[in-house]
Participant: 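Following this message is one structure expressed as structure tokens.
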Amino acid sequence: QVQLVESGGGLVQAGEPLSISCAASGGTFSSYAMGWFRQAPGKEREFVSTISSSGRTTYYTDSVKGRFIISRDNAKNSVYLQMNSLKPEDTAVYYCAASRQSYPTANVKPYNYWGQGTQVTVSS
């Protein structure tokens, strides 16, 4: 069973950066595509970014392109999301997810494992 634990969330002001991390245990991390999703109050969970198992391929939702960077360190079983130029609309609980398929996807269904989430709040 794969366990995912997010960390690094917090309260920042608009325009500031924040980096969140996700540590995996219990599985073959280097074979999983990884994704970040977020859920704001009263809204559905939405895709933010994904990275292939090798780290060579990444995708982003349009609203974060050019501001967020996803990366991974397979030696440390970790995936990261560097968030720059944060906006109040980025406020949400951010979830890390792992998919047993190696190629990245924005769809929720292929993700087999989920973390408990970390709160990111951006004040205006």
Side-chain angles (χ1 to χ4, degrees):
Q1 183 72 10
V2 176
Q3 293 186 325
L4 303 173
V5 179
E6 301 95 337
S7 61
L11 172 64
V12 297
Q13 292 190 339
E16 292 184 343
L18 186 68
S19 180
I20 56 178
S21 303
C22 173
S25 62
T28 310
F29 180 79
S30 61
S31 69
Y32 302 142
M34 299 296 296
W36 284 100
F37 292 78
R38 65 187 179 186
Q39 188 166 18
K43 295 187 177 181
E44 293 186 352
R45 190 169 299 190
E46 65 170 355
F47 165 75
V48 176
S49 182
T50 181
I51 187 168
S52 62
S53 58
S54 67
R56 286 193 288 266
T57 303
T58 59
Y59 297 121
Y60 300 89
T61 191
D62 286 346
S63 63
V64 309
K65 282 180 182 176
R67 299 190 298 123
F68 289 12
I69 301 171
I70 189 172
S71 62
R72 66 189 295 160
D73 186 337
N74 286 345
K76 295 184 178 179
N77 288 352
S78 294
V79 62
Y80 311 97
L81 188 67
Q82 174 66 42
M83 302 180 289
N84 300 314
S85 302
L86 280 162
K87 304 175 181 179
E89 51 264 43
D90 294 318
T91 295
V93 177
Y94 282 70
Y95 296 92
C96 169
S99 171
R100 287 194 290 262
Q101 63 187 32
S102 62
Y103 52 92
T105 177
N107 295 321
V108 171
K109 285 187 176 181
Y111 289 92
N112 310 100
Y113 309 105
W114 292 82
Q116 82 290 349
T118 186
Q119 177 70 48
V120 173
T121 303
V122 184
S123 64
S124 55

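Computed from heavy atoms alone, side chains included, the values below leave out hydrogens, waters and symmetry copies.
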Participant: Can you name the nearest heavy-atom pair linking Leu4 to Cys22, along with the distance?
Facilitator: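 In terms of heavy atoms, the two residues are closest at CB-SG, 3.9 Å.
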
Participant: Please work out which of the three classes, parallel, tilted or perpendicular, describes the rings of Phe37 and Tyr111, given edges at 30° and 60°.
Facilitator: perpendicular

Participant: Supply the atom-to-atom distance Ser124 OG to Leu86 CG, rounded to the nearest 0.5 angstrom.
Facilitator: 13.0 Å

Participant: Give a yes or no on whether Met34 and Val2 share a hydrophobic cluster (residues Ile, Leu, Val, Met, Phe, Trp, Tyr; joining criterion: side-chain heavy atoms under 4.5 Å apart).
Facilitator: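 Yes: a chain of side-chain contacts under 4.5 Å links Met34 to Val2.
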
Participant: Can you give me the closest heavy-atom contact between Gly27 and Tyr32, atom names plus distance?
Facilitator: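 Answer, listing the atom of Gly27 first, then Tyr32: CA-OH, 3.8 Å.
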
Participant: Checking Asp90 against Arg38 for the side-chain contact (heavy atoms from CB on, under 4.5 Å) test, could you report, in this order, the C-alpha distance in whole Å, the side-chain angles of both residues, the deciding distance, and whether it holds?
Facilitator: CA-CA 9 Å; Asp90 294 318; Arg38 65 187 179 186; 3.0 Å; yes

Participant: If the plane angle is over 60° it's perpendicular, under 30° parallel, otherwise tilted; pick one for Trp114 and Tyr95.
Facilitator: perpendicular

Participant: Would you call Tyr80 and Arg72 a side-chain contact if the rule is heavy atoms closer than 4.5 Å?
Facilitator: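 Tyr80 does not reach Arg72 side chain to side chain.
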
Participant: Test of understanding: clusters of I, L, V, M, F, W, Y form through side-chain heavy atoms closer than 4.5 Å, transitively. Do Ile69 and Trp36 belong to the same one?
Facilitator: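 They do share one cluster, since a chain of ILVMFWY contacts under 4.5 Å joins Ile69 to Trp36.
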
Participant: Would you give the length of the straight line joining atom CG of Asn84 to atom CZ of Phe68, rounded to the nearest 0.5 angstrom?
Facilitator: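 So the CG of Asn84 and the CZ of Phe68 are separated by 8.5 Å.
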
Participant: On the six-membered ring of Tyr60, is Arg67 placed so that its NZ or CZ lies under 6.0 angstrom from the centre and within 45° of the ring axis?
Facilitator: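 Not satisfied by the 6.0 Å and 45° rule.
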
Participant: Are Tyr113 and Leu81 connected in the hydrophobic side-chain network, where two residues link if heavy atoms are under 4.5 Å apart?
Facilitator: yes

Participant: Please answer: with hydrophobic residues joined when any side-chain heavy atoms are less than 4.5 Å apart, are Phe47 and Val108 in the same cluster?
Facilitator: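 Cluster IDs for Phe47 and Val108 match.
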
